[in-house]
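Below is one structure, written out as structure tokens, with a few remarks after it.
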Amino acid sequence: MPRHWMVKSEPASYSWEQFTKDGHAAWTGVRNFQARNNLRAMKTGDIVLFYHSVTGKEVVGIAKVAREAYPDPTADEPGWDCVDLVPAKPLKKSVTLAAIKAAPALKDIALLKQSRLSVMPLTAEEYAVILKLAA
DNA sequence: GCCAACGTTGGC
DNA sequence: GCCAACGTTGGC
């Protein structure tokens with residue numbers, strides 16, 4: 001069973017549209033220990049929801065882990081890792097932050113509990129509920 | 001544009 | 001080891 005994750009990106013710096021155009025992305029630039037530890041826990045084939053922060057504030061698509069953690073080439077110091085992601089498919093309907101907040105099943109989601117965390121795990125249930133909201 | 005939340009840094 | 005200062009994130 002693949003595990004489920006969510007990554008955040010400001011569309012102004014890297015959007016889902018750009019990601020799908022690129023066809024893949026090295027998820028670099030994470031400089032937070034907890035987020036890095038989550039990156040390191042990702043396995044090839046794991047499912048990753050792509051969230052647009054600041055502008056949009058909505059989950060827009062599904063990605064997959066194509067390469068597990070390796071040293072982040074953009075880091076000045078050792079100890080920071082990145083993974084490679086590939087787009088799987090866009091959500092039929094994006095799931096807004098407001099919709100997530102309104103869903104009782106998502107009240108404990110890391111997105112709400114730790115608003116500043118940029119790479120977070122999702123439970124299988126949380127993932128299923130978000131997909132349902134996207135239908 | 002503002003501000004709350006939070007992580008990091010540095011002085012003690 | 002504590003805590004104030006500071007910087008950053010991200011929602012509003």
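All values derive from a computational prediction rather than experimental measurement. To find a chain, count down the sequence lines: A is the first, B the second, and so on, and within it residues start at 1.
- Applying the salt bridge (charged side-chain N to carboxylate O under 4.0 Å, His left out) test to every pair with at least one member in residues 11-20 of chain A, sequence neighbours left out, gives no pairs at all.
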Using atom types as modelled, flag every donor-acceptor pair under 3.5 Å from a side chain in residues 94-113 of chain A to any protein atom, sequence neighbours excluded.
unit_1, atom_1, unit_2, atom_2, d
S94(A), OG, E58(A), OE1, 3.1
T96(A), OG1, A99(A), N, 3.0
D108(A), OD1, K113(A), NZ, 2.8

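- Looking at residues two or more places apart in sequence or on another chain, you find no salt bridge (charged side-chain N to carboxylate O under 4.0 Å, His left out) involving R67(A).
- Boundaries of the chain A contact region on DNA chain C are dG7(C) to dC12(C), first to last in 5' to 3' order (nucleotide atom under 4.0 Å from a heavy atom).
- Every residue meeting the side-chain contact (heavy atoms from CB on, under 4.5 Å) condition with V86(A), not counting sequence neighbours, appears here in chain and number order: H24(A), K64(A), A66(A).
- Residues meeting the ring-ring contact (aromatic ring centres under 6.0 Å, His included) test with W5(A), sequence neighbours left out: none.
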